[in-house]
Each structure stands twice: as C-alpha cells, then as structure tokens.
A.B. asks: 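What follows is a single structure, and I will ask about it in a moment.
Keep in mind the model is a prediction, meaning the values are calculated, not measured. Heavy-atom basis, side chains included; hydrogens, waters and symmetry copies ignored. Proteins come first, then strands; the chains are lettered A, B, ... in the order of their sequence lines, and each starts at number 1.
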Amino acid sequence: MRGKFRIMKRNLIPPQTSLRGGDEAYYQLALEEKPANMWQPNRLEQERLDKLNEIESRGFEAYPARIHRTHSALEAIAAYEAAEQTAGGNEPAPVEVTVAGRIRRTNVKGKVSFMHIEDQSGRVQLFLRINDMDEATYKLVQEHLIDTDDFVQAAGTMMRTKAGEISVRVNDFKLLAKSLSPLPVVKQQKLDDGTIREFGEFTNVETRYRQRYADLAVNANVRDTFVQRAQIIRVVREVMDGEGLLEVETPILQPVYGGAAARPFVTHHNQLKQDLFLRVSFELYLKRLLVGGYRGVYEIGRDFRNEGVSFKHNPEFTMLEFYKAYIDYNGVMEITERMLEAVAIAIHGKPEAPFREHIINYAAPWPRLTMREAILKETGIDYMEYRDAAALEAKIREIGGSVAPGQPWGKLVEHLLGEYVEKKLIQPTFIIDYPRDISPFAKKVSYDDTHVERFEFYIAGMEMGNAFTELNDPRDQEARFLEMARTFRPDDDDAAPIDEDYLRAMRYGMPPNGGFGMGIDRLVMLITDQHTIRDVLLYPHLRSLKEDESEDASAEGV
RNA sequence: GGCCCCGUAGCGCAGCGGUAGCGCAGGUGCCUUUUAAGCACUUGGUCGCAGGUUCGAAUCCUGCCGGGGUCACCA
C-alpha cells in the first residue's frame with residue numbers, strides 16, 4: 001500500500017510534460033518503481049507492446065483523440081442493401097461510409113486482407129487491398145501490427161465480395177486504440193440456416209464475472225441480456241408512471257432498519273459517531289410519504305441483505321416497491337398482472353416467454369389460491385386444525401418435514417409453503433391470505449383474525465414478490481410490532497427493531513393503500529431465460545482473491 | 001456453515017503414479033476476394049497455494065484459497 005502511494009506521487013505530471021503517445025521517457029520513469037505485484041506483461045502482451053512501439057515509431061498514433069464515423073456496422077450494410085434495391089440488378093450507386101469498431105477477426109492474405117469489426121449494432125467486414133490505400137498504412141495490417149481486439153476506423157465504399165458478403169472496400173484506415181491484452185478467442189461459423197456456431201467459447205464463469213468487461217466484449221448474448229434488463233426496467237417504470245405514481249428516492253443508510261424479515265449490513269458514520277444500517281427494504285419510508293399526501297409512490301433501487309448467496313440471492317439486489325392509496329390487495333394484483341404482461345410483450349412481442357423447459361404465460365388474469373388451499377392441496381395438511389405452534393410443528397415432523405424447534409406459528413406455515421408448494425408454482429400464481437404473525441404490515445382479512453390480506457406471487461417455482469392491503473390503524477400497527485417482538489425468539493435474526501417514528505407518522509393518518517415489492521433481478525431472469533441471478537447482474541458479488549499487498553502480508557514472516 | 005464436484009499454456013480441453021499434450025490464439029515464411037481461410041515451420045506451462053506419502057506426484061493424502069452445485073437460512 002505504502003509503496004503504491006509513493007508511485008502515485010512520483011507519477012504526478014509536471015505541467016510542461018507532454019503525455020503524448022510514444023513518450024517513452026515518461027513511461028519508463030513511471031515503470032521504474034512499479035511494484036512486483038502489479039501487472040507485468042505476459043508473452044502475448046509483450047508482443048503487443050512491442051507492436052505498439054513499432055506502430056508509433058513509424059509515426060502512427062495508437063490512441064488518437066479524434067475519430068470520425070458516419071455509419072454503424074449494420075447501418076453500413078443496410079445502406080448498401082438499400083442501394084442495391086434501388087439499382088434493381090444494375091450496379092448500385094456508390095455508398096461511402098466510415099465505420100469504427102473492435103476487430104473481431106482478421107484474415108491477412110498478403111497484399112489483400114479481410115477483417116470483421118464489431119460495434120454495438122453488430123459486425124461488418126472490411127476488405128483491404130494494398131493498392132486501394134496508403135501503402136505504409138496497409139503494411140501495419142500486412143505485418144500483423146494490427147491485432148484482433150484493436151479498435152479501428154475504416155472509410156471506404158460498400159461492396160460485395162466474391163463470396164457475397166457485404167463489406168467496406170477500405171481506402172482509409174486508422175488505429176483508434178491498441179489492445180494490449182488479447183481477449184479470449186471465440187471463432188464463429190455461420191451455418192446454412194443462418195445460425196452461428198461458436199468455437200472455443202469463453203465460458204469460465206468465474207473469469208466472466210470477475211472480468212465482466214471481457215465477457216461483454218466477447219459474448220454478444222451477454223451484452224444483449226443487459227440491454228434487455230434496461231428495457232424491462234423502463235417498461236416497469238412506464239407502468240408505474242401510468243398508474244399515476246410518483247418516483248422517489250429514500251435513504252439507503254438508515255438509523256433504524258425494517259420493512260422486511262432480513263439481517264442488515266451495518267456501517268458507521270465517522271463524524272457523527274453513529275452506526276447505520278443499509279436498508280433491507282423501502283417500505284416504511286415510502287408509506288410515510290402517503291401520510292404526506294402523495295396518492296402513490298414507487299422506488300426502484302438497491303436493497304442489501306446480509307444473508308447467503310445462491311442462484312437467486314445476491315447480497316445487494318434491485319427491488320421495486322410501490323404504494324398506492326385507495327386500493328387494496330386485489331387492486332395490487334391487477335397492477336401486478338398488467339405490469340408483467342407488459343414486460344413480456346415488450347421483450348418477446350407476446351405475453352409468453354420461455355424459461356428453462358417451460359413456456360411461461362404472463363397474460364392476465366392469474367390464478368389466486370389461498371395459502372390454506374395451496375398447502376392443503378400439496379401436503380394434505382389443513383393448518384387451521386393445528387392452531388398452536390407446537391401442534392403444527394409436531395404435524396410437520398409427522399409428514400417427514402424438518403423444522404427448527406420453537407418457531408412462530410406463521411413461520412411454520414410459511415415453511416410448508418416454501419417446502420411443498422413453491423416449486424410447483426410454474427405459471428404465474430397468487431398465493432393469498434397469510435398468517436398474521438409473520439405479516440406485521442398487512443390488514444387482517446374480514447373473515448378471520450389469524451390471517452391478513454397479503455399475497456406473494458410465484459413464477460417458475462420462484463417467489464417473485466410480496467404485497468399487502470397495508471395496515472393503517474396505528475393501534476393495530478403498534479400491537480403488531482409488540483407481537484413481533486414477543487413472538488420471535490430473542491436470537492432470531494429476522495426480528496426487526498420497532499420503528500417509533502413510523503408509528504408517529506401513521507398516527508397523523510395514513511390513507512388506506514395497497515403496497516407491493518418485487519425483485520427486479522428475478523424478473524429479468526425470468527424474462528431473459530437466465531438461470532442464475534449472477535447472469536443478470538453486471539457485477540455479481542464474488543469473494544475477493546487473496547490480497548498479498550496488505551500490510552500484514554508484507555511482513556513476510558507470517 | 002455442512003456435503004459433493006471443479007481449478008493443467010491467453011481461451012476451450014485431454015492426461016489421473018514414471019517427470020506435460022491437443023485445438024484455437026501467438027511468432028516466422030508464402031499467398032491481391034477470405035470467412036472456424038489455407039499450407040509449412042515454430043514459441044509458450046510455479047499443472048490454484050502449502051505441506052505430506054513415494055525412488056518418483058499434475059495424478060494419492062491433508063490443510064488452505066477461489067469457483068460451481070446442493071442443503072440449511074432467507075428474497
């Protein structure tokens with residue numbers, strides 16, 4: 001660490017020093033005290049460094065500041081196709097383009113060369129001939145000083161090669177950025193049916209996640225997933241706005257956390273000498289805003305839960321929550337159906353999307369099952385016949401289930417749902433009416449004191465979201481908080497602190513409202529048919545690799 | 001956290017007790033319409049790390065690090 005700091009100071013550039021490419025003396029000075037644990041070029045990288053020096057010594061810039069571009073790869077191809085259409089079999093009018101992108105394939109055949117460059121739109125082939133362009137520039141290509149992975153700019157006229165591929169006949173060519181570290185090599189073969197077969201795919205998941213930039217650079221389908229993720233969130237936002245809800249942002253650092261049964265991360269404000277929690281939900285802050293007079297609010301943002309990781313769990317994840325005044329959970333169910341249907345249509349053009357071996361149909365309406373019915377159907381247990389926790393616990397053991405002793409009744413009921421029902425709910429399904437003692441923010445159902453107006457919805461065997469007819473009776477809310485504090489064992493990590501300020505807000509009067517929370521990452525998984533949350537997060541959480549640069553490790557004696 | 005599997009060249013993989021191999025990429029040469037271009041020659045590895053067993057370990061054992069799966073917990 002200390003060593004690094006020294007280098008940084010040394011690297012401060014005096015104002016008169018030029019930092020232009022090829023300033024060998026400057027670069028050498030910076031390298032002098034480079035610590036051994038920093039990057040050292042491997043064999044392939046050293047070759048490219050040597051090429052870079054050679055390019056510059058020939059008077060070419062390797063990292064120019066000014067570029068020019070008139071067409072994306074696909075626009076260039078489309079422009080030529082249009083010209084061919086117009087010409088109707090005759091020689092099409094010349095189409096001049098300047099394209100820019102990353103070289104993904106080179107084929108140098110002496111005095112003529114081919115390469116594919118790729119930009120965000122796709123790929124286009126360049127056709128380079130020594131007598132079409134400046135000879136010194138062509139030599140860079142011919143002598144392999146230009147590599148796959150380099151960024152280049154090419155100007156020329158569109159044409160078709162003998163093999164029929166629409167290409168740019170290049171008359172001007174320029175290096176835009178030299179790539180020093182070669183990306184994983186993936187070759188593609190276009191099959192007759194138009195599908196693309198890949199060879200030597202870059203599949204190592206750990207490297208893909210740790211070096212997502214390389215993953216994205218090489219795997220177009222990964223790039224597509226995150227484009228779709230952005231589209232999905234945009235549609236969700238449009239639906240929320242269409243409901244007349246106001247998008248807001250509430251604190252991530254919270255002195256009192258709550259709104260969900262989850263363990264928080266703890267952090268500390270130095271100056272204020274105050275411990276703070278990273279939010280586990282937005283719920284309590286959002287509902288306070290209804291007290292303030294908004295008829296509805298929503299937030300899309302990050303939640304943090306200090307729990308295990310799995311294919312559907314990441315320590316930080318994106319959540320949508322909304323609260324709308326003057327509707328109950330039936331209204332929320334309608335919005336839910338509408339929202340997911342809109343998302344599916346936006347991405348797939350119809351309310352259906354494949355996920356694993358299933359075709360999920362998002363079209364409204366979805367079936368609604370009470371929790372009691374659902375559990376009875378799958379386990380044969382009518383949990384209402386076992387009204388106290390001990391009896392229900394015994395019954396679960398009797399059918400071969402295993403539960404930790406001493407759990408609240410509602411948690412046992414929830415266990416039955418999670419264990420026996422959840423994975424069978426493939427098509428979108430609402431499970432409604434939950435036990436009161438695990439639902440401290442939901443209104444009681446009219447027919448029964450032990451249940452509340454709450455639903456969760458399940459798709460592809462995954463819990464996707466959670467919603468209530470929100471409790472707005474401050475007396476009942478206070479009693480629920482106290483009940484939670486009493487029911488949960490003192491060591492139960494899910495027991496949340498009582499939020500007195502939230503109670504105060506509710507005492508001012510909160511309009512009746514329906515509220516909703518959904519994991520956006522899981523929604524993206526469903527819609528894009530990705531089977532782990534890590535594939536819909538650009539930077540999923542991974543353990544750090546060992547840091548040999550830490551002060552302790554530098555003692556060597558350890 | 002428990003259990004199971006994995007970690008070999010830049011990437012994809014084989015080898016599983018006799019001292020490390022293949023394809024692609026890379027290098028040299030030839031080639032003015034190729035497209036997984038081709039042909040010839042060729043470079044490249046602390047076999048995750050540290051111990052142990054053995055005459056000998058990539059290979060067997062133990063521990064650690066990292067990843068995946070699964071169970072527990074949760075969203």
A.B. asks: What does B/U59 pair with, Watson-Crick or G-U, if both distances are under 3.5 Å?
C.D. replies: none

A.B. asks: For A/T106, which residues count as a side chain to side chain donor-acceptor pair (under 3.5 Å) partner, sequence neighbours excluded?
C.D. replies: none

A.B. asks: Are any of the side-chain nitrogens in A/R169 or A/D132 under 4.0 Å away from the carboxylate oxygens of its partner?
C.D. replies: yes

A.B. asks: Could A/E118 and A/R223 be called an ion pair, given the rule that one side-chain N must be under 4.0 Å from one carboxylate O?
C.D. replies: yes

A.B. asks: Work out how far the P atom of B/C4 is from that of B/G63, and round it to whole angstrom.
C.D. replies: 11 Å

A.B. asks: Which value, in whole Å, describes the distance between the C1' atoms of nucleotides B/A25 and B/U42?
C.D. replies: 14 Å

A.B. asks: Between A/F199 and A/K162, which residue's closest nucleotide on RNA chain B lies nearer the 5′ terminus?
C.D. replies: A/K162

A.B. asks: Of A/K51 and A/K111, whose closest RNA chain B nucleotide lies nearer the 5' terminus?
C.D. replies: A/K51

A.B. asks: Where along residues 451-465 of chain A does a heavy atom fall under 4.0 Å from RNA chain B?
C.D. replies: A/E463

A.B. asks: Can you list everything that forms a ring pair (Phe, Tyr, Trp, His ring centres under 6.0 Å) with A/F430? Sequence neighbours excluded, please.
C.D. replies: A/W366, A/F455

A.B. asks: Does A/R160 get its side chain close enough to the base of B/U33, under 3.5 Å, for a donor-acceptor pair?
C.D. replies: no

A.B. asks: On a whole-Å scale, what distance lies between the C1' atoms belonging to B/A37 and B/C31?
C.D. replies: 11 Å

A.B. asks: Between B/G23 and B/G44, how far is it from one C1' atom to the other, in whole Å?
C.D. replies: 15 Å

A.B. asks: What integer number of Å spans the C1' atoms of B/A58 and B/A9?
C.D. replies: 14 Å

A.B. asks: Is A/R160 salt-bridged to A/E165, going by a charged N under 4.0 Å from an acidic O?
C.D. replies: no

A.B. asks: Can you tell me, in whole Å, how much space there is between the C1' of B/C49 and that of B/G67?
C.D. replies: 15 Å

A.B. asks: Does A/K178 come within less than 4.0 Å of A/D149, counting only side-chain N to carboxylate O?
C.D. replies: no

